[in-house]
2 protein chains.
Amino acid sequence: MEKEDEPKPDGARDKERPSRRAEILEQARTLFLDKGYAGTSMSALAKACGIQKASLYHHFPSKEALFVACVTEGYDVATRELRRIMNDDELTHEDRVRCALAEIYKITIDSHVGRMSPLIAEVSRQIPEVARAFHDGFIIQQHEIVNAIIDAGIKDGAFVPQDRLGMEHLIFGPIVTLSISRQMFTGLDTLETVFPVEQVRDSHCDLILQLLRKRP
Amino acid sequence: MEKEDEPKPDGARDKERPSRRAEILEQARTLFLDKGYAGTSMSALAKACGIQKASLYHHFPSKEALFVACVTEGYDVATRELRRIMNDDELTHEDRVRCALAEIYKITIDSHVGRMSPLIAEVSRQIPEVARAFHDGFIIQQHEIVNAIIDAGIKDGAFVPQDRLGMEHLIFGPIVTLSISRQMFTGLDTLETVFPVEQVRDSHCDLILQLLRKRP
DNA sequence: GTCTATACAAGGATAGAC
DNA sequence: GTCTATCCTTGTATAGAC
């Protein structure tokens, strides 16, 4: 159990060109998302990168280490915009909810990180550390930001308090499920009618705000 | 002594002895859910069944066919209770929603069929027919039943109409996500505090009914 | 850092005895 | 219907030349 990670790039200076390692990770993420962990071979990854299989082992000591790197890197970038929205004092509380939801839809459906749930489920027993990293580094971050946005609205009297746990699941549940459904049912002709992103998002947002708004 | 010439039940409707084939499917479902499709080998399955690998091929022509059988069989049983609730005229509309939600939580979190989403996502591109079967035979069935329950409530003036697509996602989203989260984060010590089934279910149900109930 | 070549295990699937 | 034995492919990973 020895860690053999490359030194992390602190700034712009690199003792090693980021190109190759970064490209391997990029291709790996795409393949893992498409074929699953066990379904992705190092040969297929090498071919996707245009190099030989053995060369992969110069950058990563094992397939498992490579996968861990895929899953644990890049969370900060994913939630950066969300943090900005949370602190944007020029937005009303309702608009902050709308913008945050739109951003979470974007992250969860479009980004590699957001689409990793089925992948994590596949390997969670085999490589428990990826579940922990995904949970602490990604899931919890998002939940905390959304909670902060709602708390601010309650504090200012714009929102009515609701059960916290239920609201979290009501907000994130439909988004995660939509993302996974779209992965499950890629290729079905009914995909865009049963799982259309914009339409679900807008309707979802309206219903959430119905619950948060003060009523006479 | 080992002759299994069972006295065939007259006029019975058993197309085939359930014993061996059924046991293989049962073990396969457990292994596929635990290790994924590519991560489950025919050798491991044979060992779990206590037979030799070659014997599996007497019952199923290939691993893929075996998997398809795992995914396509058993939907009727899963949604039977849900159908009963829909038609139970002794329940109020609110109670029908409560019972239906409780049943969907049970199906989605406890049953093999309900926990298959990550698995379907893994193989959907490789074996498209399983996605179709899962969608038509399971997902759509549940949605239609829930829609019927809500429609009945609207018709009787107990519920206020809400956007249909949004409500579907608001109802199923948190349940599916909870199921997958519990699969992803099995083993995390915070599992029961962040993803507790009963608590989420009750809170979820209350919020849904807030949206459906008529307000002054 | 990347290559060719290779070690060695495990994968899916088949043949044929019983 | 289950077994043993086997085929061939693919898997991860390593050795060593350049």
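Letters go in sequence order (proteins before strands), and every chain restarts at 1. Note that the coordinates shown come from a computational prediction; the quantities given were computed from them, not determined experimentally.
- For B:His58, counting side-chain heavy atoms from C-beta on, the closest listed nucleotide (C:dC3, D:dG1, D:dC3) is D:dG1.
- Side chains of A:His169 and B:Thr177 form no contact here, defined as non-hydrogen atoms less than 4.5 Å apart.
- Taking the ring-ring contact (aromatic ring centres under 6.0 Å, His included) definition, one finds that B:His58 meets it with nothing, sequence neighbours left out.
- Between B:Arg115 and B:Ser111, the side chains place no donor N or O within less than 3.5 Å of an acceptor N or O (distance only, hydrogens not considered).
- Dashed line: the shortest gap from a side-chain N or O of A:Arg20 to OP1 or OP2 of C:dT2 is under 4.0 Å.
- End-to-end axis angle of the helix from C:dG1-D:dC18 to C:dC18-D:dG1, using five pairs per end and rounding to 10°, comes to 0°.
- Atom CG of A:Leu45 is separated from atom P of D:dT10 by 17 Å (rounded to the nearest Å).
- For residues 97-117 of chain A, every residue pair satisfying the ring-ring contact (aromatic ring centres under 6.0 Å, His included) rule, not counting sequence neighbours, is listed here: A:Tyr105-A:His204.
- Regarding contacts with the backbone of C:dG11, a side-chain N or O of B:Ser43 is found under 4.0 angstrom from either OP1 or OP2.
- A straight line from NZ of A:Lys35 to C1' of D:dT10 spans 15 Å, rounded to a whole angstrom.
- Put simply, CZ on A:Phe60 is 12 Å from P on C:dG1, counting in whole angstrom units.
- Place B:Gln52 and A:Tyr37 on DNA chain D by their nearest nucleotides, and B:Gln52 ends up nearer the 5' end.
- One finds a side-chain N or O of B:Ser41 lying less than 4.0 angstrom from the OP1 or OP2 phosphate oxygen of C:dG11.
- For the pair A:Met42 and A:Leu66, the minimum side-chain heavy-atom distance is below 4.5 Å.
- B:Met167 is listed as a side-chain neighbour of B:Leu212, based on a closest heavy-atom distance under 4.5 Å.
- Here B:Phe67 pairs with B:Phe32, B:Tyr37 under the ring-ring contact (aromatic ring centres under 6.0 Å, His included) rule; sequence neighbours left out.
- Residue B:Ser55 places at least one side-chain N or O closer than 4.0 Å to OP1 or OP2 of D:dC3.
- Considering only heavy atoms from C-beta on, A:Ile180 comes within 4.5 Å of A:Pro118 through its side chain.
- Remark: B:Phe134 pairs with B:Phe138 by the ring-ring contact (aromatic ring centres under 6.0 Å, His included) rule, at least two apart or across chains.
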Could you list the protein-to-nucleotides 13-15 of chain D atom pairs, N/O on both sides, closer than 3.5 Å?
| from | atom 1 | to | atom 2 | distance (Å) |
| --- | --- | --- | --- | --- |
| D:dA13 | OP2 | A:Tyr57 | OH | 3.1 |
| D:dA13 | OP2 | A:Lys63 | N | 2.9 |

